Amino acid sequence: MTTHTKLKWYRYNIARRIRNLEGDDLIQELEDIIEDIRNKKLDKIGLFKIQIRELEELIAETKKKPKVKGRTYDPFDIPASGDGRIALFGISNVGKSTLMNAITNTNVKTGAFLHTTREALAGTCEYENVKIQIIDLPGFLDFKEDWNISRQIRRVARTSDAVMMVIDLSMDIDRQYDFLIEQLEEAKIIIDGETTYKLGIIATKGDLPDSSEKYQYLQKITSLDVFPTSVKNEESLEKLKENLFKFLDVVRIYTKPPQKKADFEKPFVLPKGYTIKDMLKKIHTSFIERFRYARVWRPSSEIQGQSVGIDYELADTDIVELILHRS
Ligand SMILES: Nc1nc2c(ncn2[C@@H]2O[C@H](COP(=O)(O)OP(=O)(O)OP(=O)(O)O)[C@@H](O)[C@H]2O)c(=O)[nH]1
Ligand SMILES: [Mg+2]
């Protein structure tokens with residue numbers, strides 16, 4: 001990997017790690033990132049020196065910010081829950097809420113009129129023990145400029161791990177696609193044609209006339225993944241859930257107490273590329289100090305009970321046994 005690619009990968013990961021953090025949690029994470037860069041001896045490289053300086057500035061800024069007490073109610077401020085957040089980003093009436101009802105545990109209002117959804121709503125989509133938080137947003141009204149709600153939609157989208165553009169296959173594709181890309185630029189989710197977000201397209205109403213031609217056209221004009229759906233086709237919804245899970249790019253880790261079987265019901269869900277240390281942090285930070293080593297089993301590979309250190313990178317469906325010092 002060249003230094004540039006490495007830095008790009010790092011920046012992507014940093015953005016992802018700090019996206020929903022604030023206050024002391026943000027400072028702690030930023031300090032950990034700097035320590036990680038130093039441990040990997042990357043801090044000797046010019047580009048990374050600049051990166052460290054930026055992170056230190058962010059720490060200083062965060063320390064200066066007054067702590068927010070007793071916030072006023074904000075219908076667009078949804079607490080994060082589950083293993084990853086995906087926002088549905090589309091113009092009005094394309095079927096976002098109908099889709100949300102079909103793939104999550106919610107039953108939100110839908111309608112054949114414009115602007116049915118007025119605020120951000122959350123639901124959980126479960127796929128193989130991974131809980132994906134889906135945020136249904138109000139739709140944009142693309143004929144109305146500078147609308148306050150558009151700003152709120154963009155704000156919530158920025159707090160997500162992945163943004164799904166929702167495009168109606170029964171309407172004009174170019175008009176929707178161009179408008180949404182503009183909004184993503186406005187939201188700084190796309191900057192200079194690049195993004196640190198996971199970005200994809202859900203194509204809706206695949207049961208309506210001409211939808212397959214429009215789906216093919218959409219695939220031609222974009223390099224993003226397009227997932228076709230129709231709420232009338234159960235199979236397309238199951239496939240969508242599977243694709244959303246893959247899209248989040250997370251790994252499921254099963255922990256195993258010594259001499260016992262692993263718990264396959266409640267995996268730890270971490271972004272791909274995360275290590276044992278990240279997992280320990282998720283359990284409790286004190287576990288990092290108490291860590292001695294771990295044993296890892298990786299089904300379908302030769303890794304069977306191998307002893308590994310704290311920086312070991314985990315893969316999907318790994319089984320991990322932690323060996324800790326007594327507290
Ligand atoms: N034929 C067909 N109609 C659909 C499908 N999905 C949604 N619809 C219809 O499209 C219309 C709009 O659906 P909503 O889910 O309310 O759209 P929305 O994107 O949430 O709209 P806003 O909340 O205004 O942004 C409704 O009449 C739905 O019944 C689909 O897969 N096929
Ligand atoms: Mg809606």
Side-chain angles (χ1 to χ4, degrees), residues 13 16-17 19-20 78-88 96 98-108 121-136 159-164 166 197-204 206 224-231 233-257 260-276 278-283 294-305 308 312-322:
N13 251 306
R16 188 166 66 177
R17 283 172 73 158
R19 193 161 288 154
N20 292 316
I78 296 180
S81 86
D83 303 311
R85 169 181 282 195
I86 297 182
L88 302 179
K96 298 180 294 302
T98 310
L99 191 68
M100 159 98 158
N101 286 339
I103 63 169
T104 71
N105 53 347
T106 47
N107 187 10
V108 303
L121 302 161
T124 307
C125 166
E126 257 201 85
Y127 183 81
E128 295 195 353
N129 292 328
V130 174
K131 293 184 175 61
I132 307 172
Q133 185 183 40
I134 307 280
I135 308 284
D136 177 27
T159 66
S160 309
D161 302 293
V163 177
M164 282 290 164
V166 184
Y197 286 76
K198 294 188 173 69
L199 199 56
I201 301 175
I202 299 175
T204 55
L224 299 171
D225 287 329
V226 186
F227 308 128
T229 64
S230 156
V231 285
N233 180 337
E234 196 53 47
E235 211 184 312
S236 77
L237 298 173
E238 273 314 304
K239 191 83 199 146
L240 175 67
K241 285 189 193 177
E242 184 191 334
N243 278 323
L244 292 180
F245 163 73
K246 285 188 188 154
F247 202 70
L248 270 186
D249 228 9
V250 290
V251 296
R252 291 158 295 173
I253 311 300
Y254 303 105
T255 50
K256 170 189 159 335
K260 286 196 185 143
K261 287 219 165 95
D263 177 359
F264 288 108
E265 295 294 311
K266 288 195 209 88
F268 274 94
V269 180
L270 301 167
K272 206 179 264 175
Y274 272 36
T275 60
I276 300 254
D278 296 311
M279 184 177 121
L280 295 172
K281 230 190 272 175
K282 215 171 171 179
I283 307 174
R295 297 177 71 204
V296 174
W297 286 260
R298 186 166 293 175
S300 76
S301 90
E302 70 286 2
I303 299 166
Q304 297 294 335
V308 299
Y312 186 77
E313 188 176 315
L314 295 161
D316 193 30
T317 70
D318 274 357
I319 299 166
V320 175
E321 180 181 316
L322 297 171

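As the structure is a prediction and not an experimental result, all values here were calculated from the model.
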Residue list, ring pair (Phe, Tyr, Trp, His ring centres under 6.0 Å) with Tyr197, at least two apart or on another chain: none
Ring pair (Phe, Tyr, Trp, His ring centres under 6.0 Å) involving Phe247 - partner list, sequence neighbours excluded: Phe227
Value rounded to 0.5 Å, distance of OH in Tyr312 from CE in Met279: 12.5 Å
Pair Val320-Leu322, side chain to side chain contact (heavy atoms under 4.5 Å, CB included): steps then yes or no: CA-CA 6 Å; Val320 175; Leu322 297 171; 3.9 Å; yes
Set of residues satisfying side chain to side chain donor-acceptor pair (under 3.5 Å) with respect to Thr317, sequence neighbours excluded: none
Residue pair Glu234 / Leu237, side-chain heavy-atom distance below 4.5 Å: yes
Partner set under salt bridge (charged side-chain N to carboxylate O under 4.0 Å, His left out) for Asp318, not counting sequence neighbours: Arg298
From CD1 (Ile103) to CD (Glu238), nearest 0.5 Å: 10.0 Å
Pairing residues for Phe245 by the ring pair (Phe, Tyr, Trp, His ring centres under 6.0 Å) criterion, not counting sequence neighbours: Tyr127
Any side-chain donor near an acceptor of the partner, Thr275 and Asp278, under 3.5 Å: yes
Mind listing the side-chain donor-acceptor pairs of residues 263-270 below 3.5 Å, one per line with the distance, residues two or more places apart or on another chain?
from, atom 1, to, atom 2, distance (Å)
Asp263, OD1, Glu265, N, 2.9
Asp263, OD1, Lys266, N, 3.4

Side-chain heavy-atom pair Arg252, Asn129 within 4.5 angstrom cut-off: no
Test item: Ile303 and Val308 side chains (from C-beta on) under 4.5 Å apart, heavy atoms: no
Asn243 side, atom CG; Met164 side, atom CE - distance, nearest 0.5 Å: 8.0 Å
Reported CD1-to-CG distance for the pair Ile253 and Asp316, which is rounded to 0.5 angstrom: 7.0 Å
Gln304 side chain vs Ser301 backbone, donor-acceptor pair below 3.5 Å: yes
Within 6.0 angstrom of Lys131 NZ, more than 12 heavy atoms from elsewhere: no
Audit row: Leu248, Asp83, side chain to side chain contact (heavy atoms under 4.5 Å, CB included) steps and yes/no: CA-CA 9 Å; Leu248 270 186; Asp83 303 311; 5.7 Å; no
CA sep, side-chain torsions, deciding dist, call: Asp161, Val250, side chain to side chain contact (heavy atoms under 4.5 Å, CB included): CA-CA 11 Å; Asp161 302 293; Val250 290; over 6 Å; no
Thr124 side chain vs Ile132 backbone, donor-acceptor pair below 3.5 Å: no
Minimum-distance pair of heavy atoms, taken over all atoms of Val251 and Pro271: CG2-O, 4.3 Å
Side-chain donor or acceptor of Ser236 paired with backbone N/O of Ser230 under 3.5 Å: yes
Closest non-hydrogen atom pair, Gly200 against Leu224: CA-CB, 4.5 Å
Sidechain-backbone polar pair: Lys256 side chain, Lys260 backbone, donor-acceptor under 3.5 Å: yes
Taking every non-hydrogen atom, the tightest pair across Cys125 and Lys241: SG-CG, 3.7 Å
Pairing of Lys239 and Glu235 as salt bridge, 4.0 angstrom limit: no
Approximate separation, where rounding is to 0.5 Å, of Ile134 CD1 and Thr104 OG1: 7.0 Å
Gln133 and Ile135: CA distance, side-chain angles, deciding distance, side chain to side chain contact (heavy atoms under 4.5 Å, CB included) verdict: CA-CA 7 Å; Gln133 185 183 40; Ile135 308 284; 4.0 Å; yes
Nearest-0.5 Å distance that lies between atom CG in Leu121 and atom OG1 in Thr106: 8.0 Å
